[in-house]
Amino acid sequence: MIKKEYRLAFFLLLIPFIVAVLAVTPHYEAFTTTGDIVPVKDAGINGHVDFVYVKSGYTENWFQKFAVSLTSKNQIEFHPVDKETIQEDRREEETEGWRAISVERAIASASRITGQPIETFKETRMRILSETEQYEGDSFGLMLALGLIEEKTGEDFTKHGKYTIAGTGALEDDTYVGSVGAVRHKLLTAERNGADYFFVPEDKDTYIFEGMSNQEEAEQLARERGMPLQIVPVATIDEALAFLHSLP
């Protein structure tokens with residue numbers, strides 16, 4: 001009986017040790033979960049459309065993964081990555097990087113479409129960069145440009161709040177809308193926040209990465225869930241404007 005009790009005590013002590021070792025053993029994964037829709041006004045633009053952000057990051061061991069899973073109230077997805085990918089992404093985060101490029105391209109689009117010289121956007125540029133420090137990447141480029149056009153022309157694409165218009169899409173120059181990441185979670189975020197229309201890149205024939213294009217993924221998810229919002233694929237910002245001007 002004594003030997004059995006010792007054996008049981010040993011195993012009981014061993015369990016937390018094993019858990020602790022597993023918890024801190026390096027194990028790298030990227031995660032993405034839904035976020036929120038953000039009015040371009042919060043980016044320092046006097047417009048009425050919204051862009052979508054999602055929550056994402058990396059976990060470096062099982063304990064971090066468990067903590068992230070525990071604190072996330074929404075659908076969350078993980079996929080394996082290597083340590084070098086994490087380090088490279090963190091180096092990019094230390095600079096303005098794609099965010100600054102996205103702002104420049106949004107301004108160039110608004111300048112071309114409204115006929116306003118780029119020089120007149122100097123203060124606007126500084127304001128946007130200051131107000132968007134918490135966001136990363138370039139996926140809000142399309143919506144920033146639409147908001148800037150509203151600001152310069154006095155238009156309200158939401159028809160004074162009749163519609164909630166959100167979207168995602170990078171600007172590859174001052175015209176074309178490029179593919180982005182995490183479309184699934186961005187669309188789920190837009191649905192949860194009552195969006196009526198959601199812009200996505202029209203990239204079914206131009207997508208160069210593995211898997212489904214942004215357009216295909218968004219359209220499939222909308223069908224599967226019977227989403228009440230309308231997916232609006234656009235290849236250029238001019239197509240987005242044409243759609244917005246067609247709204248009653």
Side-chain angles (χ1 to χ4, degrees), residues 29-43 47-59 64-81 89 98-99 102 132 134-147 157-158 161-171 177-204 206-207 209-235 239-240 243-244 247:
E29 292 192 58
F31 69 87
T32 307
T33 186
T34 51
D36 208 347
I37 60 174
V38 183
V40 292
K41 287 185 183 296
D42 289 359
H48 305 86
V49 296
D50 305 310
F51 63 89
V52 178
Y53 83 91
V54 296
K55 298 174 183 178
S56 62
Y58 298 101
T59 58
Q64 289 182 0
K65 181 176 181 179
F66 174 74
V68 168
S69 300
L70 196 64
T71 57
S72 177
K73 298 179 181 179
N74 305 311
Q75 184 182 41
I76 185 168
E77 291 182 1
F78 291 90
H79 66 267
V81 294
D89 283 355
W98 285 108
R99 179 172 65 92
S102 185
T132 60
Q134 69 270 42
Y135 304 112
E136 300 168 8
D138 60 352
S139 64
F140 60 3
L142 171 63
M143 304 314 291
L144 290 187
L146 293 174
F157 294 141
T158 70
K162 181 179 179 180
Y163 307 114
T164 298
I165 298 170
T168 187
L171 288 176
V177 179
S179 304
V180 298
V183 165
R184 175 183 179 83
H185 289 90
K186 290 174 182 175
L187 182 53
L188 290 171
T189 298
E191 178 194 29
R192 194 183 67 201
N193 286 273
D196 297 298
Y197 300 102
F198 186 75
F199 286 112
V200 296
E202 186 180 356
D203 60 352
K204 184 162 56 177
T206 59
Y207 194 70
F209 306 102
E210 292 184 7
M212 289 190 293
S213 67
N214 290 177
Q215 178 183 355
E216 292 170 316
E217 187 172 6
E219 291 175 341
Q220 177 176 302
L221 181 61
R223 286 194 304 270
E224 290 175 351
R225 291 178 61 88
M227 289 183 173
L229 58 74
Q230 179 178 336
I231 304 296
V232 185
V234 292
E239 289 182 5
F243 175 84
L244 292 169
L247 292 176

- request: Walk me through it: do I165 and F199 pass the test side-chain contact (heavy atoms from CB on, under 4.5 Å)?
  value: CA-CA 8 Å; I165 298 170; F199 286 112; 3.8 Å; yes

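- At least one side-chain heavy atom of E77 sits under 4.5 Å from a side-chain heavy atom of H185.
- Note: Y135 and F51 meet the aromatic proximity criterion, with ring centroids under 6.0 Å apart.
- Shown here for V49 and G147, the closest heavy-atom pair between the two residues is CG2-N, 3.9 Å.
- A195 meets the side-chain contact (heavy atoms from CB on, under 4.5 Å) test with T164, A166, A190, L229; sequence neighbours excluded.
- The structure places NE2 of H48 at 10.5 Å from CZ of F157, a figure rounded to the nearest 0.5 Å.
- The shortest side-chain heavy-atom distance between F140 and V38 does not fall under the 4.5 Å cut-off.
- Closest heavy-atom contact between M143 and V40: O-CG1, 3.7 Å.
- Cation-pi geometry between K186 and Y53 is not met at under 6.0 angstrom from the ring centre and within 45 degrees of the axis.
- No donor-acceptor pair closer than 3.5 Å links the side chain of R192 to the backbone N or O of T34.
- Considering only heavy atoms from C-beta on, Y163 comes within 4.5 Å of L247 through its side chain.
- Side chain of D203 to backbone of Q215: a donor-acceptor contact under 3.5 angstrom is found.
- Taking OG1 of T189 as the reference point, atom CZ of F198 lies at 8.0 Å (rounded to 0.5 Å).
- Between A218 and V183 the shortest heavy-atom distance is CB-CG1, 4.0 Å.
- Residues N214 and S179 share a closest heavy-atom pair of OD1-CA, 3.2 Å.
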message: Using side-chain contact (heavy atoms from CB on, under 4.5 Å), reason through E136 and W98 one step at a time and then give a plain yes or no.
response: CA-CA 7 Å; E136 300 168 8; W98 285 108; over 6 Å; no

task: Step by step, work out the side-chain contact (heavy atoms from CB on, under 4.5 Å) result for I231 and V200.
output: CA-CA 7 Å; I231 304 296; V200 296; 3.8 Å; yes

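- For the residue pair E216 / Q220, no side-chain donor-acceptor distance below 3.5 Å is found, with atom types taken as modelled.
- A distance of 8.5 Å separates CZ of R184 from CE of M212, quoted to the nearest 0.5 Å.
- In terms of heavy-atom proximity, G169 sits nearest to P201 at CA-CG, 4.0 Å.
- Distance CG/L221 to CD/E191: 7.5 Å, rounded to 0.5 Å.
- E202 is linked by a salt bridge (Lys or Arg N to Asp or Glu O under 4.0 Å) to nothing, counting only residues two or more places apart in sequence or in another chain.
- For the atom pair I37 CD1 and N193 CG, the distance stands at 4.5 Å (nearest 0.5 Å).
- Summarising the geometry of V180 relative to A170, their closest heavy-atom pair is CG1-N, 3.5 Å, with the distance given to 0.1 Å.
- For the atom pair L142 CG and T168 OG1, the distance stands at 8.0 Å (nearest 0.5 Å).
- Side-chain rings of Y207 and F209 approach one another, their centers coming within less than 6.0 Å.
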- prompt: Stepwise, does the side-chain contact (heavy atoms from CB on, under 4.5 Å) test hold for L187 with E217?
  reply: CA-CA 10 Å; L187 182 53; E217 187 172 6; over 6 Å; no

